[in-house]
J.: 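Have a look at this one.
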Amino acid sequence: MARHAPIRFRPTLLALAAAAAFTPAFAADEKTEEQKLVEAAVDVGFGYTDGSAQDRAFHSQYDGVPRTRHIGLKLDFEYGLRNPKSNSWVQVEGRDLGGHQRELAGVWKRPGDWKAAASYRELTRQEPHAVVPPAGGEQYLKTRRTDLGLALQKTFMPDLVLDVDLRHEKKEGSRLFGRGFTCPSPSAPGCAGTTGVATGWAVLLMPEPIDASHSEVDARVSYARGPLRASVGYYGSWYRNANSVLATAVPGSLANAVGTFQPLGAGLQAILNQPVALAPDNQAQQVDFTGSYDIAAHTRATMKLAWARATQDDPFTIAGAPAGVTSLGGKVTTTLAKLGITSRPVAKLFLIGDLRYEDRDDDTPVALYNVEGTNTYTNRRLPQRKVRGKGEAQWQFTPEWRASLGADYESIDRGVFTATSAVGGITALRQDTEETGVFAEIRRRMSADVSGALRLSRSDRKGSNWLLDNSGRGVTEVPDADLPLTAILMPTLADRHRDKAKLFVDWQASDELTLQLGLEEGRDSYDQLRGYGLGSTRMGQYSLDGTYAFNEKWNVTGYASYGKQALNQVRPAGYVMALRNESWTLGAGVTGKPMGNLQVGVNLSHTNDRSSYDQALDVLAGADSATLLAATGGLPDIRFQQTALRVFGKYTLDAKSSIRADLLWQRTRWNDWAWNYNGVPFAFSDGTTVAMQPKQDVVFVGVTYRRNF
């Protein structure tokens, strides 16, 4: 596999700046006048986290402290130096240098001439679910990202600027992944199903090893003079994965549905031992031109032209590719053109319009990758031509009131279906869809005590005739009336009606009290011709925030939000399901200064999230489905609850130093039948379990000393 050389930086600038930040005497030899131009600060502290590894599963996902440790160190710094004689600035910041989420960034610049910046970041995520192998002992998977960045800017003349950004990210570790197979299957004729003495299916845990890098280059030359503004840019992206396949060694016996180990049915072991391909290397390049021109005093035209090519030609490392084919040879070329105009023909009228054209040409070679008995299928090309247009008119009735009316349009042509490919899981496809929408908004700017906005919108999507898949032998175009009675259509292709309403109000009730109200409702209705598939969705989001200042030293804040989502769908000869998700969040806080040198704060928050599944049966459902639903009552709810209390106190010791203490108490309650049901963790076929403690309590105490120089 080809390897991509990482972008590397010499850390000279950061090292010198960091050393300067920890050396206050840096300015001691300078003139008194220039000592005032140096600003530096250092934060040093520690934190203690109580609780076992299971108690800290949620809390410690991103705090960087290994679950085997309870104490973490804090080391932050800031440093800034401005030299009036050379008109140069140096700024350096470091965060969490004593932990596992380190950040270090520096900027050196001469305003109006040049600027150089460099950064380094780390981010570690610890998987909250514990993996317990059959031999025992908990394991927690984790991934670690390291990111290096370099930015350069040079101003050659007042109207010509060059910007170059380089970035390289490395990701290592492992994450939850798995595979499964059920026999018999059309794709494996020799695979035997489950019997009384052998198991014919399996689900295996296979943690995915991660060792990948992503490098980016973004360069742009910008020019601006008079009414003209223009820029030419280049963007390059390279993804490299050191792991091309995931191999397994499956034993000859695995657990059945009730946990009893049995020999594998004929052919199952060989199928499960086949290697799994991981994300391949790929790359993309893009060049673009953007510009604007002031046609008149109140009219501006904008444009953008872009050309991009993405390729994926990583050599195959798994046997079974078609004869003579060594890689996918993927190549997708995208051409983009966009025109826009804004104008104020009269003082109270503002017009906006833009038109966007995007053509994606998929030139990936077609080859015979799938053979299922007598059925053969190739891969499928995915070309697409998209046209979008938008127009809007705004009228300023008074200095406070403004109204907007607009319309938008989108047309998508998905090109000719690859006749030798096949589609699974849906009944038919569509080549063309068109969507039109209208919206209206009334907005009131702050005057006296109230500001707000109300927006209403509606859109409708329709399309061409449907394309019935003929399993590798092309498609048959049919109108809506000729679709099968049990047809299931993709929600992104089906006819859809969408309505949305959004209200926002900001009310300054008094000098002491401020309230903000937000309401949003939306509904999608799908014309699934026979009532199968996704029928409708609905969402809502409601929030209220407030702040009350008792006096200059004390204030209280509070917030409440409620969100809901609903999804209704029907499966032929299966379930009629209504998915409901509701989420509540409440919080209140107080901050104040009980004395001149002491500042304190308390915040209490609570989150409650519930997903429920109302189930019934389609009229064509079989007796086995009815028996199962009667015995289980359907899927149970999934709940997540979290309560957190945060307390802080900050005491100013003198003009240059302070000390801060933080306390966090967090309680989490969680149940998800996918991983743990009635205290029984999910078990894979080899006996490995994956679960998370449903009740978790964590206490964190931190102390930080800050010194300014």
Side-chain angles (χ1 to χ4, degrees), residues 7 9-10 12-14 17 37 39 80-93 105-119 148-168 215-238 284-309 334-347 349-358 388-392 394 396:
I7 300 173
F9 309 106
R10 296 183 61 189
T12 306
L13 170 63
L14 294 180
L37 305 181
E39 294 183 358
L81 168 65
R82 183 170 69 88
N83 189 333
K85 292 184 178 180
S86 61
N87 190 31
S88 62
W89 291 16
V90 173
Q91 296 172 297
V92 184
E93 292 186 3
V107 178
W108 187 17
K109 61 183 177 180
R110 181 176 293 169
D113 188 3
W114 53 266
K115 180 174 72 172
S119 64
L148 288 170
L150 177 63
L152 303 172
Q153 183 184 83
K154 174 61 180 176
T155 302
F156 293 99
M157 56 184 71
D159 43 23
L160 185 63
V161 179
L162 169 67
D163 288 281
V164 179
D165 289 295
L166 309 176
R167 186 161 300 280
H168 178 76
S215 299
E216 295 177 297
V217 176
D218 194 345
R220 184 166 297 278
V221 177
S222 302
Y223 175 83
R225 174 174 290 183
L228 176 65
R229 298 164 189 82
S231 70
V232 177
Y234 165 80
Y235 173 78
S237 170
W238 296 267
Q285 321 282 326
Q286 175 180 291
V287 292
D288 70 82
F289 170 81
T290 61
S292 67
Y293 188 82
D294 295 336
I295 301 174
H298 301 292
T299 303
R300 172 175 294 178
T302 61
M303 70 172 299
K304 180 177 182 179
L305 300 174
W307 179 90
R309 172 165 290 175
T334 303
T335 304
L336 171 69
K338 182 178 180 181
L339 298 174
I341 190 167
T342 59
S343 179
R344 188 185 293 272
V346 295
L349 178 62
F350 187 64
L351 302 175
I352 304 172
D354 63 65
L355 181 65
R356 188 177 190 271
Y357 171 86
E358 180 181 349
R388 290 180 180 175
K390 178 182 177 181
E392 181 177 352
Q394 301 176 2
Q396 194 80 40

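Along the sequence shown, the residues carry numbers beginning at 1.
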J.: Which atom pair, heavy atoms only, marks the closest approach of P345 to L351?
T.: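 Looking at all heavy atoms of both residues, the shortest contact is CG-CD1, 4.2 Å.
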J.: CG of L339 to OH of Y357: how many Å apart, nearest 0.5 Å?
T.: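 Going from the CG atom of L339 to the OH atom of Y357 covers 13.0 Å.
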J.: Take V217 and L166, measure what side chain to side chain contact (heavy atoms under 4.5 Å, CB included) needs, and give me the verdict at the end.
T.: CA-CA 5 Å; V217 176; L166 309 176; 3.7 Å; yes
J.: Closest approach of L305 and A337, non-hydrogen atoms and distance?
T.: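 Result for this residue pair: CD2-CB, 3.8 Å.
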J.: Could you give the distance from NZ (K109) to CG (L152), rounded to the nearest 0.5 Å?
T.: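 So the gap between those two atoms works out to 14.5 Å.
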J.: Is a salt bridge present between D163 and K154, judged by a nitrogen-to-oxygen distance below 4.0 Å?
T.: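 Answer for the salt bridge query: no.
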J.: Taking all non-hydrogen atoms of both residues into account, name the closest pair between A224 and D159 and its distance.
T.: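 Looks like O-CB, 2.5 Å.
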J.: In Å and rounded to the nearest 0.5 Å, what is the CD to CH2 distance from Q91 to W108?
T.: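 Taking CD in Q91 and CH2 in W108, the distance rounds to 14.0 Å.
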J.: Do the side chains of R356 and L336 get nearer than 4.5 Å, heavy atoms only?
T.: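 A side-chain contact exists here, since the closest heavy-atom pair is under 4.5 Å.
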J.: Look up atom CD1 in I341 and atom CZ in R300, then write down how far apart they are to the nearest 0.5 Å.
T.: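 These two atoms lie 11.5 Å from each other.
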J.: How close do S215 and H168 get, counting heavy atoms only, and between which atoms?
T.: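 In this case the closest contact between S215 and H168 is OG-ND1, 2.6 Å.
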J.: Report the C-alpha separation of D294 and R229 in whole Å, then their side-chain angles, then the decisive distance to 0.1 Å, and conclude whether the side chain to side chain contact (heavy atoms under 4.5 Å, CB included) test is met.
T.: CA-CA 9 Å; D294 295 336; R229 298 164 189 82; 3.4 Å; yes
J.: When rounded to the nearest 0.5 angstrom, what is the spacing between CD in Q153 and CH2 in W114?
T.: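 These two atoms lie 11.5 Å from each other.
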J.: So do the side chains of E392 and F350 get within less than 4.5 Å of each other, counting heavy atoms only?
T.: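 They are not in side-chain contact.
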J.: Is it true that atom CZ of R225 has more than 12 heavy atoms of other residues, nucleotides or ligands lying nearer than 6.0 Å?
T.: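 At most 12 heavy atoms, drawn from other residues, nucleotides or ligands, come within 6.0 Å of this atom.
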J.: Near Y293 OH, under 6.0 Å, is it more than 12 heavy atoms from other residues, nucleotides or ligands?
T.: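 No, OH of Y293 has 12 or fewer neighbouring heavy atoms, counting only those of other groups under 6.0 Å.
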J.: Can you confirm whether W89 is buried at CH2, in the sense that more than 12 heavy atoms of other residues, nucleotides or ligands lie under 6.0 Å from that atom?
T.: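 Open: at most 12 neighbouring heavy atoms sit under 6.0 Å from CH2 of W89.
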J.: Is it true that R388 and D354 have a side-chain N and a carboxylate O under 4.0 angstrom from each other?
T.: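 No, this pair does not count.
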J.: Using every non-hydrogen atom in the two residues, find where R110 and S86 come nearest and quote the distance to one decimal.
T.: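 Of all heavy-atom pairs spanning R110 and S86, the closest is NE-O, 3.2 Å.
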J.: Walk me through it: do Q286 and T334 pass the test side chain to side chain contact (heavy atoms under 4.5 Å, CB included)?
T.: CA-CA 9 Å; Q286 175 180 291; T334 303; over 6 Å; no
J.: What's the spacing between S231 OG and K304 NZ if we round to 0.5 Å?
T.: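 The NZ atom of K304 is 9.0 Å from OG of S231, to the nearest 0.5 Å.
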J.: Could you please spell out the steps behind the side chain to side chain contact (heavy atoms under 4.5 Å, CB included) verdict for E39 and R82?
T.: CA-CA 9 Å; E39 294 183 358; R82 183 170 69 88; over 6 Å; no
J.: Please find the pair of heavy atoms, one from N87 and one from P111, that lie closest to each other, and give the distance.
T.: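 Shortest heavy-atom contact: O-CD, 3.4 Å.
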J.: Would a 4.5 Å heavy-atom cut-off, applied to side chains only, mark E358 and K338 as touching?
T.: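 SC-SC contact between E358 and K338 ruled out.
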J.: Does any donor atom in the side chain of S343 or T299 lie under 3.5 Å from an acceptor atom in the other side chain?
T.: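 Judged by distance alone, the side chains do pair up.
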J.: Would you say that N83 contacts L37 through its side chain, given a criterion of any heavy-atom pair below 4.5 Å between the two side chains?
T.: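 A side-chain contact under 4.5 Å is absent here.
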